[in-house]
Amino acid sequence: KDRVEDLQDTAESIAENAWKSAEDVANDPKVNAFQTKQKIKERTAAARSKEGGASTEKIEMDLDKYIAFVDQTTSRHIS
């Protein structure tokens, strides 16, 4: 009976300490994913600082041409 209780306690402690999601793995400093995530953060921050922040480039397009394109690509009937 004691052995069963010990095994149950062990199983419960393993379940408590186990990762529940991919986000848990990525945020655990004991895992390489955490270190990789930090390196990627640093690289993207450095690249953004060189560019002057996030990209705010705007795209201009003709609305009539866009609507015609959407109508052609999404319509179910043949005209």
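All values reported here derive from a predicted model rather than from experimental measurement.
- The two residues K20 and E16 have their closest heavy-atom pair at NZ-O, 3.8 Å.
- With rounding to the nearest 0.5 Å, the separation of CZ in R43 from CD in Q38 is 12.0 Å.
- The structure places CG of D9 at 11.0 Å from CD1 of I14, a figure rounded to the nearest 0.5 Å.
- Remark: K65 NZ to L63 CG distance equals 12.0 Å, nearest 0.5 Å.
- Cluster annotation: F69 and M61 are assigned to the same hydrophobic cluster (Ile/Leu/Val/Met/Phe/Trp/Tyr, side-chain heavy-atom contacts under 4.5 Å, transitive).
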